[in-house]
*Asks:* 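After the structure tokens below, expect a handful of questions from me.
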Amino acid sequence: MGTAELATSVRVSIRCGDEAVAEDLEWSSVPLGLLRTARPWRTFRWHQGQKHYSGTYWSSTLRDHVIYESRLELGRLLFADFAPEVRHIVAQPFLLKRDL
């Protein structure tokens with residue numbers, strides 16, 4: 001399966017800023033504007049004794065909190081926040097599904 005075929009077999013669902021959900025869009029046809037207004041697909045859960053470290057990070061790029069579910073995700077947020085070319089950050093903006 002080639003890269004183009006793989007990209008068309010991937011579907012994405014996005015929770016928009018107005019709480020509407022755009023579901024099963026082809027990945028290759030999703031407009032960037034829709035991703036920019038996306039709300040987190042999942043909210044993080046926290047409980048005492050959990051095995052991963054979720055939390056919120058104050059982003060200077062957004063001047064708002066961004067959620068993360070792991071230290072790896074936090075590390076990526078830090079890289080994005082300090083990169084001068086990054087203009088916007090969205091935490092977990094979509095759900096990817098592959099057509100079988």
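This chain uses plain numbering: 1 for the first residue, then up along the sequence.
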*Asks:* Find out whether V66 and T56 are in side-chain contact, i.e. whether some heavy atom of one side chain is under 4.5 Å from a heavy atom of the other.
*Replies:* no
*Asks:* Between L74 and E69, is there a side-chain heavy-atom distance shorter than 4.5 Å?
*Replies:*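 E69 vs L74: side chains apart.
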*Asks:* If you define the side chain from C-beta out and look only at heavy atoms, does anything of R11 sit under 4.5 Å from E26?
*Replies:* yes
*Asks:* So does R15 get a backbone contact from the side chain of R39, meaning a donor-acceptor N/O pair under 3.5 Å?
*Replies:* no
*Asks:* If you take all heavy atoms of A38 and P93, which pair is closest and at what distance?
*Replies:*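 Closest heavy-atom pair between A38 and P93: CB-O, 3.7 Å.
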*Asks:* Would a 4.5 Å heavy-atom cut-off, applied to side chains only, mark T37 and V90 as touching?
*Replies:*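 With C-beta onward as the side chain, the pair stays apart.
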*Asks:* Do I14 and V10 share a hydrophobic cluster (ILVMFWY, side-chain heavy atoms under 4.5 Å, transitive)?
*Replies:*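 Yes, same cluster.
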*Asks:* Just so I know, are the side chains of L78 and Y68 near enough to count as touching, which here means a heavy-atom distance under 4.5 Å?
*Replies:*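 No. Closest side-chain heavy atoms not under 4.5 Å.
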*Asks:* Quick one: OH on Y57 to CG on D64, what's the gap to the nearest 0.5 Å?
*Replies:* 12.5 Å
*Asks:* Are V30 and L32 connected, step by step, through hydrophobic side chains (Ile, Leu, Val, Met, Phe, Trp, Tyr) whose heavy atoms are closer than 4.5 Å?
*Replies:* yes
*Asks:* Is there a side-chain contact between I89 and L77, using heavy atoms and a 4.5 Å cut-off?
*Replies:*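 Heavy-atom side-chain distance check passes, below 4.5 Å.
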*Asks:* For residues S13 and W41, determine if any side-chain heavy atom of one lies less than 4.5 Å from a side-chain heavy atom of the other.
*Replies:* yes
*Asks:* Quick check: closest heavy atoms across C16 and L34, and the distance to 0.1 Å?
*Replies:* SG-CD1, 3.6 Å
*Asks:* What do you reckon, is CG of L96 surrounded by more than 12 foreign heavy atoms closer than 6.0 Å?
*Replies:*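 Enclosed.
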*Asks:* Quick one: does D81's side chain have a donor or acceptor within less than 3.5 Å of a partner on T61's backbone?
*Replies:* yes
*Asks:* List the steps and the verdict of side-chain contact (heavy atoms from CB on, under 4.5 Å) for S54 and I67.
*Replies:* CA-CA 8 Å; S54 54; I67 62 170; over 6 Å; no
*Asks:* Tell me, with the steps shown, if L95 and E23 meet side-chain contact (heavy atoms from CB on, under 4.5 Å).
*Replies:* CA-CA 9 Å; L95 172 70; E23 292 196 63; over 6 Å; no
*Asks:* Can you check whether R36's main-chain N or O pairs, donor with acceptor, with H88's side chain at less than 3.5 Å?
*Replies:* yes
*Asks:* Are L25 and V21 connected in the hydrophobic side-chain network, where two residues link if heavy atoms are under 4.5 Å apart?
*Replies:*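 In one cluster with L25: V21, no.
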